[in-house]
Amino acid sequence: MVSGRIVDDFNLDKIADSGQCFRWEKQSDGAYSIIHLDKRLKILKVGQEYELSCTMDDYKNIWYTYFDFDTKYSKIRQLIDRNNDRFMYNAVTYGKGIRILRQDTWEMLISFIISQRKNIPAIKSSIEKLSRLCGTRHIDETDNTEYYSIPTPEQILKTSVNDLNACGLGYRVDYIKSVAKEVYDGKLDIKSLENMSYEQSLYRLKQLYGVGDKVANCVILFGLHNLDAFPIDIWIQRILENEYNGENNYPFEKYRPYNGVFQQYMYAYYRNRGD
DNA sequence: AGGCAGGTTCTTA
DNA sequence: TAAGAACCTGCC
């Protein structure tokens with residue numbers, strides 16, 4: 001167990017609701033259960049302090065990085081021009097506390113392929129079913145709970161299409177199998193994406209069957225942690241149209257190299273504002 | 001009950 | 001090159 005204060009922007013509910021992570025579950029005691037690679041963390045806010053169900057070693061080596069505590073989001077927020085970009089000012093005021101997690105690239109690839117034309121509960125459900133079906137099983141010894149990792153490419157390939165179809169993946173099964181095969185065959189080296197420029201990684205990801213502009217940018221932002229990647233989904237599209245008079249008038253230069261962070265603020269604000 | 005969901009591919013001109 | 005249809009499935 002590790003506990004302490006976290007001063008910079010950090011709001012669990014807002015991160016959980018931001019649409020970047022699909023394996024956060026709020027428990028009845030108010031803690032979030034988070035599955036990341038082969039680890040599971042429970043994190044609970046008590047007053048101004050956080051309690052984390054991990055060893056100090058795991059905190060330092062895994063979770064500190066996962067939560068991206070090296071990046072000062074309070075500083076990034078200062079880039080906004082509150083007089084000339086009122087919408088962004090409101091969005092950031094609303095979304096303060098959001099961070100961009102450093103998630104696993106392979107998990108992001110699978111998750112966002114699944115996400116297309118689905119709502120968030122359906123995405124979570126499919127990912128959970130897929131993990132239970134063919135991911136590696138673990139036991140969290142702090143509370144004797146079992147949990148499952150996202151399946152590796154090999155684990156997906158060893159699973160029959162019939163079984164995969166039970167995960168509610170629909171037509172995305174073909175996409176997932178195809179991507180798994182490319183990694184397994186060595187045609188796609190996930191690790192090598194990390195050393196590429198934005199353009200190179202975007203190009204490579206979009207070559208994959210079932211990966212278009214939106215999914216690729218999500219992988220780059222949430223997996224490769226390139227904070228300038230700017231995924232445009234239906235909500236962001238509406239924002240660009242309604243609040244900025246079209247994509248061509250959005251001030252990308254002003255928010256470089258953090259366009260992806262501001263994208264998250266806008267997304268959270270606009271979705272919860274109810275229009 | 002039936003439209004719609006954090007898109008992408010395929011088809012057509 | 002660009003628009004429009006088709007796509008599986010399960011939430012709300």
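Just so it is clear, the structure is predicted and the values come from calculations on it, not from any experiment. Each chain gets a letter, A, B and so on, in the order its sequence line appears, and its residues count up from 1.
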Show each protein N/O and nucleotides 7-10 of chain C N/O combination with a separation under 3.5 Å, one pair to a line.
from	atom 1	to	atom 2	distance (Å)
C:dC8	O4'	A:Tyr171	N	3.4
C:dC8	O2	A:Arg172	NH1	2.9

Just how far, in rounded Å, is [atom2] of [N] from [atom1] of [X]?
X: A:Ile123; N: B:dC4; atom1: CD1; atom2: P; result: 18 Å
X: A:Phe112; N: B:dA5; atom1: CZ; atom2: C1'; result: 14 Å
X: A:Lys214; N: B:dT9; atom1: NZ; atom2: C1'; result: 16 Å
X: A:Ile236; N: B:dG7; atom1: CD1; atom2: C1'; result: 15 Å
X: A:Phe22; N: B:dA5; atom1: CZ; atom2: P; result: 16 Å
X: A:Asp213; N: B:dT8; atom1: CG; atom2: P; result: 7 Å

Shortest non-hydrogen contact between A:Lys14 and A:Tyr94, atoms and distance: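 Minimum heavy-atom separation between A:Lys14 and A:Tyr94: NZ-O, 2.9 Å.
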
Contact class for [X] (heavy atom, under 4.0 Å): base, sugar-phosphate, or nothing?
X: A:Ile114; value: nothing
X: A:Val173; value: nothing
X: A:Gln237; value: nothing
X: A:Gly210; value: sugar-phosphate
X: A:Ser111; value: nothing
X: A:Ile232; value: nothing

Could you tell me how far [M] sits from [N] if I compare only their [atom1] atoms? Round to whole Å.
N: B:dT8; M: C:dC11; atom1: P; answer: 22 Å
N: B:dC4; M: C:dA5; atom1: P; answer: 14 Å
N: B:dT9; M: C:dG10; atom1: P; answer: 23 Å

Give the dot-bracket string for DNA chain C, reading 5' to 3', where a pair is Watson-Crick or G-U wobble with both distances under 3.5 Å, ( ) marks pairs inside the strand, [ ] marks pairs crossing earlier ones, | marks a partner on another strand, and . marks unpaired. |||||||.||||

More than 12 heavy atoms of other residues, nucleotides or ligands under 6.0 Å from [atom1] of [X]: yes or no?
X: A:Glu141; atom1: CD; result: no
X: A:Tyr203; atom1: OH; result: no
X: A:Lys254; atom1: NZ; result: yes

Most 5' of A:Gln207 and A:Cys218 on DNA chain B, judged by nearest nucleotide: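 With A:Gln207 and A:Cys218 compared, the 5'-side residue is A:Cys218.
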
Want to settle it: does A:Leu208 or A:Tyr267 sit nearer the 5' end of DNA chain B, counting the closest nucleotide to each?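 Of the two residues, A:Tyr267 wins.
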
Of all the nucleotides listed (C:dC12, B:dA5, B:dG7), which has the minimum atom distance to the side chain of A:Arg238?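 Among the listed nucleotides, the one closest to the side chain of A:Arg238 is B:dA5.
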
Quiz item: cation-pi between A:Arg99 and A:Tyr73, 6.0 Å / 45°: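 No - A:Arg99 does not lie over the ring of A:Tyr73 by the 6.0 Å and 45° rule.
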
For the ring pair A:Phe22 and A:Phe112, is the centre-to-centre distance below 6.0 Å?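 Between A:Phe112 and A:Phe22, which both carry aromatic rings, the centre distance is below 6.0 Å.
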
With sequence neighbours left out, write down each residue that passes side chain to side chain donor-acceptor pair (under 3.5 Å) with A:Ser74, or none if nothing qualifies.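 A:Asp8.
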
Under a 4.5 Å cut-off applied to non-hydrogen side-chain atoms, are A:Asn144 and A:Ile139 in contact?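 The answer is yes; the side chains approach within 4.5 Å.
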
Would you check if A:Tyr66 and A:Leu101 make a side-chain contact, meaning some heavy-atom pair closer than 4.5 Å?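 Yes - at least one pair of side-chain heavy atoms lies under 4.5 Å apart.
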
Test A:Arg23 against every option in A:Gln103, A:Glu107, A:Glu128 by the side-chain hydrogen bond (donor to acceptor under 3.5 Å, both in side chains) rule and name the one that passes.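 Filter result, single survivor: A:Glu128.
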
